[in-house]
Amino acid sequence: MLTEFATVLVFIVLGAATVALMLGVSRLLQPRNPTAVKLSTYECGEVPFGSSWVQFNIRFYVIALIFIIFDVEVALLYPWAVVFQRLGLLAFVEAFIFIVILLAGLAYLWKEGDLDWVRTMQETPPRKGER
Amino acid sequence: MEALARSLVSAVPAIAGVPLWTVTLLMMVLSAAVLLAFALTFGGLGSYVLRKVAGDIQVRIGPNRVGPYGLLQFLADGAKLLLKEDIIPAKADRFLFILAPYLVFVGSFAAFVVLPFGVGLTASDLNIGVYYVMAVTSLVVVGILMAGWASNNKWALLGGMRAAAQIVSYEIPVGMAIMPAVLIAGSLSLQDIVRSQGGLLGIFGWNLFHNPFTFFSFFLYFTAAQAETNQTPFDIPEAESELVSGYNVEYSGIRYAFFFLAEFGDMFVVAALATACFLGGWHVPFFRAEALPALWGNLLSLAVFLIKAFALVLVMMWVRWTLPRLRVDQLMRMSWKYLVPLTFVNLLGVSLWLLIFKGKGIPALIASLIG
């Protein structure tokens, strides 16, 4: 058991060491003459405008929240999948109820429009001449 | 690994005095080194094949200058990336900028630990195999988000956020679509999952043909996984024509190479997981590889596994150069409104089938009818 996970540790250490080693080798071989223009932020050749650490679309936050909920459910279903064939009908009924509740949540999100990426935040009354 | 080390110590008298843990550790490092070499070579040759396939599909030649048929192109590219000046933008968050490639590469490489390359050929057959792969490949998201944010570049930030939103959205269908294989095998270990698909001429034991739901679930998995690795119909995070290159736009030289290698590593992991869970893994069609003498069985099953996985990688490339890119709202709709409900219903279908037919698939039922 312990040696199995020790292998994972060895993989992680070796992977990180490879990155470090290659970066080191590259450092020895590459030319280095930085200039102010070279180190400036790339914006397709324009003079960079302000910082890019700005406020962001709230949709990403909503997606993250939905993801957390569903990922926990997936994590819960894995142990169920392992013992399913031993437990039989009981396991099926439980998972069925579980998934139906979950899909009801998804249906609610769908109805509320939280699954739509492009969404107008408030309805603007149509101007004259527009439909 | 420990059992193997013990048998090695008892078999070779020259190392009898060496402590067991030293031998075990050495073997772990050796297996890690072999897989690392494999991952790097796959990344290199994969980039060559990707460009050749792109060339063929777009009716041009592709790389053909370096070496015979341009086969050494990847070495030239590697040397070029190694010799390039490494630029860290002055406004970037230095620490996170440097850390990001480590996370992305390690997250992609660590998934190789549990892949069942052949009969008994797994670096470490963890009893939570499938789950481990899902968990460790999620590290890539953190790295991508970190790279996008640390660059302090608008393209990179947009690309990183989009990539994170996309990868987490498609992680749900990926996790659910692979579950039928776990249901059938009753284990999360990838070797157990592969072993559960033996027998019946070697083809009809595959989970792909187990029942209609597993057949469907393979395609659900492959679609969702294609999105999770940011392949083209779903490559909005890196969309060259609008985001230049996405989260890695500020990365140059060898640092960029690690994002690139991780992408190919992920491609292989996805293909290998699909092979192990649905296409019978290392099982040789019409033949029992386990019955062969140890070494030959290992080699034959390794070859079969690699052929299946590489075929899937080729299919991914084919899809990549055939379909146009989806828009970002279409992408999200695809995941949450189609794939997520479908995979949940599909999972219920598989479990109901297993319940009614006592875990037997269609080929097994037909075989029992014939007698």
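Convention: sequence-line order gives letters A, B, ...; per-chain numbering from 1. These numbers come from a predicted model, not from an experiment.
With a 4.5 angstrom heavy-atom cutoff, A:Leu106 touches chain B only via side-chain atoms. For a residue to count as touching a neighbouring chain, one of its non-hydrogen atoms must lie under 4.5 Å from one of that chain's; by this rule B:Leu25 touches chain A with the side chain only. Neither the backbone nor the side chain of B:Leu103 comes within contact range of chain A, judged by heavy atoms closer than 4.5 Å. Only the backbone of B:Ala150 comes within less than 4.5 Å of a heavy atom of chain A; no side-chain atom from C-beta onward does. Contacts between B:Val106 and chain A at a heavy-atom distance below 4.5 Å involve the side chain alone, from C-beta outward. For chain B, no part of A:Ala64 is nearby; none of its heavy atoms comes within less than 4.5 Å. Proximity to chain A is limited to the side chain of B:Val130, based on heavy atoms less than 4.5 angstrom apart. When heavy atoms are compared at a cutoff of 4.5 Å, A:Phe96 approaches chain B by way of both its backbone and its side chain. At a 4.5 Å heavy-atom cutoff, the contact between B:Glu250 and chain A is made by side-chain atoms alone. Residue contact with chain B, scored on non-hydrogen atoms closer than 4.5 Å, involves the backbone and the side chain of A:Phe67 alike. With a 4.5 angstrom heavy-atom cutoff, A:Ala91 does not touch chain B via any of its atoms. The contact between A:Arg86 and chain B is made entirely by side chain atoms (from C-beta outward), counting heavy-atom distances below 4.5 Å. Both the backbone and the side chain of B:Phe109 come within contact range of chain A, with heavy atoms under 4.5 Å apart. Interface residue A:Ile12: backbone and side-chain heavy atoms are both found under 4.5 Å from chain B.
Here the side chains of B:Tyr131 and A:Val74 are not in contact, with every heavy-atom distance at 4.5 Å or above. The shortest side-chain heavy-atom distance between A:Phe5 and B:Ile128 falls under the 4.5 Å cut-off. Residues B:Met176 and A:Leu77 are in side-chain contact: their nearest non-hydrogen atoms beyond the backbone lie under 4.5 Å apart. Side-chain contact between A:Phe11 and B:Leu36 is absent, with no heavy-atom pair separated by less than 4.5 Å. In this structure, A:Arg27 and B:Asp86 have side chains that are not in contact, with every pair of non-hydrogen atoms separated by 4.5 Å or more.
A distance of 7.5 Å separates CD of A:Gln85 from CD1 of B:Ile184, quoted to the nearest 0.5 Å. Atom CZ of B:Arg162 and atom CD1 of A:Ile63 lie 13.5 Å apart (nearest 0.5 Å). The CH2 atom of A:Trp110 sits 10.0 Å away from atom CZ of B:Arg333, with the distance rounded to the nearest 0.5 Å. One distance of note links CE of B:Met134 with CG of A:Asp71; it measures 6.5 Å at 0.5 Å rounding.
B:Phe357 CZ: more than 12 foreign heavy atoms inside a 6.0 Å radius. More than 12 heavy-atom neighbours from other residues, nucleotides or ligands sit within 6.0 angstrom of NZ on B:Lys337. Within a 6.0 Å sphere centred on OH of B:Tyr338, other residues, nucleotides and ligands contribute 12 heavy atoms or fewer.
Listed options A:Ile66, A:Val83, A:Leu9, A:Val13 were ranked by heavy-atom pairs under 4.5 angstrom with chain B; first place goes to A:Ile66. Chain A forms the most heavy-atom pairs under 4.5 Å with one residue out of B:Pro89, B:Ala33, B:Gly186, and that residue is B:Gly186. Each of B:Val114, B:Asn153, B:Ile254, B:Leu83 has some count of heavy-atom pairs under 4.5 Å with chain A, and the biggest count is that of B:Asn153. Most heavy-atom pairs under 4.5 Å with chain A, from the set B:Val168, B:Val113, B:Val340, B:Val136: that is B:Val168. When each of A:Pro34, A:Ala75, A:Gly88, A:Ala95 is checked for heavy-atom pairs under 4.5 Å with chain B, A:Ala75 comes out on top. Residue with the most contacts toward chain A among B:Leu188, B:Ile98, B:Leu81: B:Leu188 (heavy-atom pairs, distance under 4.5 Å). When the candidates B:Gly253, B:Pro180, B:Ser351, B:Pro101 are compared by the number of heavy-atom contacts under 4.5 Å with chain A, B:Ser351 comes out ahead. Ranked by heavy-atom pairs shorter than 4.5 Å toward chain B, the options A:Leu28, A:Asn33, A:Val25 are led by A:Asn33. In terms of non-hydrogen atom pairs under 4.5 Å with chain A, the most contact-rich of B:Val182, B:Leu40, B:Val350, B:Leu261 is B:Val182.
Nearest heavy-atom pair, A:Phe92 versus B:Leu352, reported as atom, atom and distance to 0.1 Å: CZ-CD1, 3.4 Å. Residues B:Lys84 and A:Gln30 come closest through the heavy atom pair O-CB, 3.4 Å. Between A:Thr18 and B:Phe258, the shortest heavy-atom contact is O-CZ, 4.2 Å. Nearest heavy-atom pair, B:Ala165 versus A:Phe60, reported as atom, atom and distance to 0.1 Å: CB-CD2, 3.7 Å.
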